[in-house]
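Presented below is the structure to which this report refers.
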Amino acid sequence: MAFDTGWRTIAWTILGIGGLIVAGGLLLALGNLRHVLYGDRADGVVVDIVREGSMYAPVVRFRLPNGELQEVTDLGSGAPDFSRGDLVGVLYMPEDPRDVRLDTFERLWLVPIITLGFGGFWLMFGVVAWALSRNGDIALLGERAFTVIGAAALLIGIFALWSATDLYAAGARAEGRVVEIRESRSIVTEEVTTPAGREVRRDVERTSYAPVVRFTTQEGREIEFHGRGGSGTDFAEGDTVTVVYDRDNPSRARIVSFIDLWLPAVVAFAVAVLFGGAASLSRRMRRRAS
């Protein structure tokens, strides 16, 4: 009975956290949907990229129907997703023209989708904990959870592969230069075993490095973007690299390398194979046992 009560407490805790995350994602999506349904649209141009610490915020200028110019600074992101001179649609509320959303899929829907997906995983694990509190079949629960994770990773891998293949095949090439190596530090807690055999927890500082690359398009526009980071770096400031970029959206650019173009798809497919294979193996073992 204590086992059931303990798992039920865990389940309610996980479900509560997942519910809050999902609610936050829904609020973000509804706020953006309000602009799509009830906002007015204007054509804007990115006139500047403001860098505050590690964040890049686009400054957008657009004209109201009465001829008045409005200039707003949108939310910042960890890597620049716009460049000076980019044309972008602006959705603004007529009663408050400074209440704006940039009319791109990434700015409108990507964060809500990621938030909802993250909350969905919390809810899934909460359901597993709830089933355990009712003496559910742990093997069957594990199979279903692993199948969901594998399927999600497969979809992400397909999208990442399609995006990289499309950019590599149809994108334009340019010579870029590494202008900076960005360092990001984080503190993680890990368990280690001492020579005496005792397990202790300690905080470890991890540092990751990402190259910041600048290049000039065929039209003469200067673009800056971040390469993929890692615990080490193969680049140094001043290095010359080959860049592939989207002609219609030059901010969508990558270094022509395995890590920048293909690694995300490979990792996603590896996760799909690992979790999907584990679920399949578990099903086969249960069938043989029965």
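Hydrogens, waters and symmetry mates play no part in the numbers below; they use all other heavy atoms, side chains included.
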Report task. Any chance you could lay out the side chain to side chain contact (heavy atoms under 4.5 Å, CB included) test for T242 and I255, step after step, and finish with the verdict? Result -> CA-CA 6 Å; T242 301; I255 299 172; over 6 Å; no
Quick one: do [X] and [Y] end up in the same hydrophobic cluster if we chain Ile, Leu, Val, Met, Phe, Trp and Tyr together by side-chain heavy atoms under 4.5 Å apart?
X	Y	result
F275	V127	no
V50	V45	yes
L64	V100	yes
Y245	F225	yes
L263	L167	yes

Query raised in the report: Salt bridge between R101 and E106, side-chain N to carboxylate O under 4.0 Å?
Result: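 Looking at E106 together with R101, the answer is no, because their closest N to O distance does not fall below 4.0 Å.
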Query raised in the report: Is any NZ, NE, NH1 or NH2 atom of the basic residue among D99 and R34 found under 4.0 Å from an Asp or Glu carboxylate oxygen of the other?
Result: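 Salt bridge between D99 and R34, a charged N being under 4.0 Å from a carboxylate O: yes.
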Does [X] reach the main-chain N or O of [Y] with its side chain, forming a donor-acceptor pair under 3.5 Å?
X	Y	value
T13	T9	yes
S282	A278	no
N32	L108	yes
R41	Y92	no
S280	G276	no
S257	D260	yes

Could you check whether atom [atom1] of [X] has more than 12 heavy atoms from other residues, nucleotides or ligands sitting under 6.0 Å from it?
X	atom1	answer
I259	CD1	no
W262	CH2	yes
M285	CE	no

Are [X] and [Y] close enough that some pair of their side-chain heavy atoms sits under 4.5 Å apart?
X	Y	result
V241	V256	no
E71	V47	yes
V266	F258	yes
W109	V36	yes
F82	N249	no
V88	T104	yes
F62	L69	no
W122	V22	no

Which pair of heavy atoms, one from [X] and one from [Y], lies closest together, and at what distance?
X	Y	answer
V128	A145	CG2-CB, 4.4 Å
V243	V213	CG2-CG1, 4.0 Å
H35	G31	ND1-O, 3.2 Å
A210	G227	CB-O, 3.6 Å
I49	V46	CD1-CG1, 3.8 Å
P211	V178	CB-CG1, 4.2 Å

Query raised in the report: Yes or no on side chain to side chain contact (heavy atoms under 4.5 Å, CB included) for T115 and I21, after CA distance, side-chain angles and deciding distance?
Result: CA-CA 7 Å; T115 305; I21 296 173; 3.9 Å; yes
Report task. Any chance you could lay out the salt bridge (Lys or Arg N to Asp or Glu O under 4.0 Å) test for E180 and R51, step after step, and finish with the verdict? Result -> CA-CA 14 Å; E180 182 184 351; R51 180 172 170 178; 3.2 Å; yes
Query - Verdict with supporting geometry, R228 and R254, side chain to side chain contact (heavy atoms under 4.5 Å, CB included) - result: CA-CA 9 Å; R228 300 201 186 280; R254 293 287 182 268; 3.2 Å; yes
Query - Positive for side-chain contact (heavy atoms from CB on, under 4.5 Å) with R84, one of I223, V59, D48 - result: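 One option only clears the test, and that one is D48.
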Would you give the length of the straight line joining atom [atom1] of [X] to atom [atom2] of [Y], rounded to the nearest 0.5 angstrom?
X	Y	atom1	atom2	result
I149	L154	CD1	CG	13.5 Å
L110	I114	CG	CD1	4.0 Å
D43	D103	CG	CG	10.0 Å
I17	F118	CD1	CZ	9.0 Å
L123	W130	CG	CH2	14.0 Å
L141	M124	CG	CE	11.0 Å

Requested in this report: Mind running side chain to side chain contact (heavy atoms under 4.5 Å, CB included) on F269 and L161 for me, showing each step along the way?
Outcome: CA-CA 10 Å; F269 284 133; L161 180 61; 4.0 Å; yes
Query raised in the report: Looking only at side chains, do T216 and E222 share a donor and an acceptor under 3.5 Å apart?
Result: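 Side-chain D/A pair, T216 to E222: absent.
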Query - Pairs meeting criterion salt bridge (Lys or Arg N to Asp or Glu O under 4.0 Å) with involvement of residues 164-179, two or more places apart - result: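 For residues 164-179: D166-R252.
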Query - Pairs involving residues 107-133, ordered by first then second residue, that meet salt bridge (Lys or Arg N to Asp or Glu O under 4.0 Å) (sequence neighbours left out) - result: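 As it turns out, the salt bridge (Lys or Arg N to Asp or Glu O under 4.0 Å) pairs with a partner in residues 107-133, which skip direct neighbours, are D74-R107, D81-R107.
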Requested in this report: Go through the steps to decide whether R221 and D86 satisfy the test salt bridge (Lys or Arg N to Asp or Glu O under 4.0 Å), and finish with yes or no.
Outcome: CA-CA 10 Å; R221 293 181 57 195; D86 280 351; 2.3 Å; yes
Report task. Output all residues satisfying ring pair (Phe, Tyr, Trp, His ring centres under 6.0 Å) with Y56, sequence neighbours left out; order by chain, then residue number. Result ->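 Counting only residues at least two positions away or on another chain, Y56 forms a ring pair (Phe, Tyr, Trp, His ring centres under 6.0 Å) with H226.
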